[in-house]
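So the structure is just underneath, and the comments pick up after that.
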Amino acid sequence: MTLKKLMRGTHVLGEAAIRAGCRAYFGYPITPQNELPEYMASAFAKMDDAIFMQAESELASINMVMGAAIAGARVMTSSSSPGISLKQEGISYLAAMELPAVIVNMMRGGPGLGNIAPSQGDYFQAVKGGGHGDYRLIVFAPAYGQEIADMTRQAFDLADNYRTPVMILGDGMMGQMMEPVVFPEPIDLTSLPRKEWVLDGAKGRPSRIIRSLWLDVDKEEEFNWRLFRKYEMISREIPDQEIYLADDAELIIVAYGTAARIAKGGVHRARSMGLKVGLFRPKTLWPFPAEPLARLAEAVRHIMVFEMSTGQMVEDVRLAVEGRCPVSFYGRPGGVVSTPEEIARELATAYGMPGSSETHGRGALNGRRAVARR
Amino acid sequence: MKKVFSRPESLKPTPFHYCPGCGHSIIHRVVAEVIDELGIRERTIGVPPAGCAVLAYNYLDVDMAEAPHGRAAAVATGIKRVLLDRVVFTYQGDGDIAAIGTAETIHAANRGERITSIFVNNAVYGMTGGQMAPTTILGQVTTTSPGGRAPLRDGNPLDLSEMLAIAAGSVYIERTSVSSPKGILRTRRAIRKAFVTQLEDKGFSLVEILSPCPTNWKMSPTEAARWVDARMSEIFPPKVIKDVA
Ligand SMILES: Cc1ncc(C[n+]2csc(CCOP(=O)(O)OP(=O)(O)O)c2C)c(N)n1
Ligand code: SF4
């Protein structure tokens, strides 16, 4: 029998990770994601084959993740924006050494120390590199508790299959939200394919090397193209999205994660006002589901992007749409959480735009808060 | 016929690329000999971070993983925690262990991590061309301390090994040198003891080795070896710094 459990997002993620075979967790405290390491610590304390460590920094924790991945474990770390910045060097190395690992970022307001409110200011950092070098990071953007559970399982599987780090990008609000979830059955670790590349001592086989240094430029180039081909394969195989109420839509709002939940509320309200409005929600941010969005752009009058930032994903939307229809942006950065009513108002404005040309600049909302419309 | 000089099994037949008179070549050989002697080749994992010896895996015939500059102790921790019955060692320069990686090293020692650090102290940043290191001695000329290291401007030589000895989790710490046959013998004994400490699951062990870098010191190999004994050893005297194994 499948049993629904009511749990907060961070705990859902922790439980799903354990069921996905995660047996090593390394982290460093930062709000708003502390409930995740705390969950791992108490769950792992009851298991005799699992390692929880609170490291001395995010730098140390991502490098411990590297070590555990080298030794073959399914391993995870989590943090929030400033801590994820510190992990970037390690993420670049994980990509270069082709090591599987899951990294969770529960985004908070920034830049700098910012605040601990939910935000989407780390989109660029997550999908455009973050660390140095020519690599890509698979980025999942769950919006619902159930999706946190499902995507966490998928993240561990994909990390192993492609030998690459995977990020789950959420925010503090998602982490706190209590939702009913059905968990997948725990994985049987012995059923997983053997990793023929791990370092566990050269017993009865030649010694192995895991490296990222290629002083010979020809070798480094060859390696970069090999990674590129892997990323191409990932781009073909895993892009995912939700398309909602789009069949008759004239206006589509594009949003991910928590922003997409708010956007969906906005869509419902706009529909009740008689506006033909739908939602496009990327579930993978890299690879970005560009093709289905491009097809949708052929059929609608206008696309509006909503982010809890001054506008980052909107660049990928414009790249995907390639001028097929106008694209406008509405954003609330800094940890402000919009309401569905607010989004419905913005949708109505965009809906009424003749030929739906783009809006630019900042407008006043309720006569008090400046918002970014562009 | 009796073989007087044979290659340790844990050393690949590749010729070393290190400069003539460089301590790394000697230390690699000593590490390989100890691994052979203890019969742990098939369960040893080495972690060389960025530094002149990052290519140690071209020579040592054991499983090896590179680490980012300074992070060897954290990477080794991750490996060891997953594979408790393996022997995990880092092979780090002074810049790596005593500047950029100080935090990772102190905390690994303090946790009593069952790993062994081979700390090669050559008083400069070798790989990047001879800049000042945390272990550069006062007055020593480097490319970034052209008038000699001055304490008020450049800070003082850092005695990391003494600092690590304070950590409750460190069990065995010795400083040796490879500037003389006697020093090499002592180094061999120290590395052996450090590995045994790990095999006995006692805690963190480290061997700091004073090692010539003739190229960046702008000396002949003979002069460099003499400088280790005459000058470096004054500031960093070879001795057992901590032994509670
Ligand atoms: C984050 C980062 N910063 C700087 C470097 C450049 N770098 C490579 S090795 C090194 C220091 C080498 O000195 P040391 O650790 O003493 O080893 P040696 O080469 O002398 O054996 C530096 C600064 C790097 N690879 N990564
Ligand atoms: S630069 Fe110095 S440390 Fe590096 S290989 Fe040459 S002698 Fe050895």
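In what follows, chains carry the letters A, B, and so on, assigned in the order in which the sequence lines appear, proteins first and then strands, with residues in each chain numbered from 1. Just so you know, these numbers use all the heavy atoms, side chains as well, and skip hydrogens, waters and symmetry mates.
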(request) Let me know if B:Thr44 has heavy atoms under 4.5 Å from chain A in its side chain, its backbone, both or neither. (result) backbone
(request) Measure A:Leu199 against the heavy atoms of chain B and call it side chain, backbone, both or neither at under 4.5 Å. (result) both
(request) Could you tell me whether the side chain of B:Val75 reaches within less than 4.5 Å of the side chain of A:Met64, counting heavy atoms only? (result) no
(message) Checking A:Ser57 against B:His107 for the side chain to side chain contact (heavy atoms under 4.5 Å, CB included) test, could you report, in this order, the C-alpha distance in whole Å, the side-chain angles of both residues, the deciding distance, and whether it holds?
(response) CA-CA 10 Å; A:Ser57 70; B:His107 286 277; over 6 Å; no
(message) Are more than 12 heavy atoms, taken from residues, nucleotides or ligands other than A:Ile116, located less than 6.0 Å from that residue's CD1 atom?
(response) no
(message) Among B:Ile40, B:Ile106, B:Leu60, B:Val82, which residue has the highest count of heavy-atom pairs closer than 4.5 Å to chain A?
(response) B:Val82
(message) Would A:Met53 and B:Arg111 count as a side chain to side chain contact (heavy atoms under 4.5 Å, CB included) here? Give the steps.
(response) CA-CA 11 Å; A:Met53 269 185 77; B:Arg111 287 190 304 264; 3.3 Å; yes
(message) At a 4.5 Å cut-off on heavy atoms, which part of B:Val54 comes close to chain A: side chain, backbone, both, or neither?
(response) side chain
(request) Can you establish whether the number of heavy atoms outside A:Lys219 located under 6.0 Å from its atom NZ is more than 12? (result) no
(message) I need the residue from A:Ile70, A:Ile62, A:Val198 with the largest number of non-hydrogen atom pairs under 4.5 Å to chain B.
(response) A:Ile70
(message) Using modelled atom types and a 3.5 Å cut-off, is there a donor and acceptor pairing between side-chain atoms of B:Glu66 and backbone atoms of A:Ser212?
(response) yes
(message) At a 4.5 Å cut-off on heavy atoms, which part of A:Leu215 comes close to chain B: side chain, backbone, both, or neither?
(response) side chain
(message) I want to check something: taking the side chain as every heavy atom from C-beta on, are A:Glu89 and B:Arg71 in contact at a cut-off of under 4.5 Å?
(response) yes
(message) Between B:Asp63 and A:Asp200 (side chain of the first, backbone of the second, donor and acceptor by atom type, cut-off under 3.5 Å), is there such a pair?
(response) yes
(request) Kindly indicate whether the side chain of A:Met66, heavy atoms from C-beta on, has any atom under 4.5 Å from the side chain of B:Pro68. (result) yes
(request) Please tell me if the side chains of A:Arg211 and B:Met64 come closer than 4.5 Å, counting only heavy atoms from C-beta onward. (result) no
(message) Looking at every heavy atom in both A:Leu213 and B:Leu55, which two are closest together, and how far apart are they?
(response) CD2-CD2, 3.8 Å
(message) Tell me whether A:Trp197 at atom CH2 has more than 12 heavy atoms from other residues, nucleotides or ligands lying less than 6.0 Å away.
(response) yes
(request) Side chain from CB out, backbone as N, CA, C, O: work out which of these in B:Lys12 comes under 4.5 Å of a heavy atom of chain A, or both, or neither. (result) side chain
(message) I need the B:Arg81 CZ to A:Phe52 CZ distance, nearest 0.5 Å.
(response) 11.0 Å
(request) Check whether any side-chain N or O of B:Arg43 sits under 3.5 Å from a backbone N or O of A:Gly201 as a donor-acceptor pair, and report yes or no. (result) no
(request) Go through A:Ser92, A:Pro206, A:Ala60, A:Gly72 and name the one with the most non-hydrogen pairs under 4.5 angstrom from chain B. (result) A:Ala60
(request) Under 4.5 Å, counting heavy-atom pairs only, tell me which of A:Ala73, A:Gly90, A:Ala68 racks up the most with chain B. (result) A:Ala68
(request) For each of A:Met97, A:Glu56, A:Lys203, tally heavy-atom pairs with chain B at distances under 4.5 Å, and name the one with the top tally. (result) A:Glu56
(request) Calculate, to the nearest 0.5 Å, the distance between atoms CZ and OG belonging to B:Arg41 and A:Ser207 respectively. (result) 6.5 Å
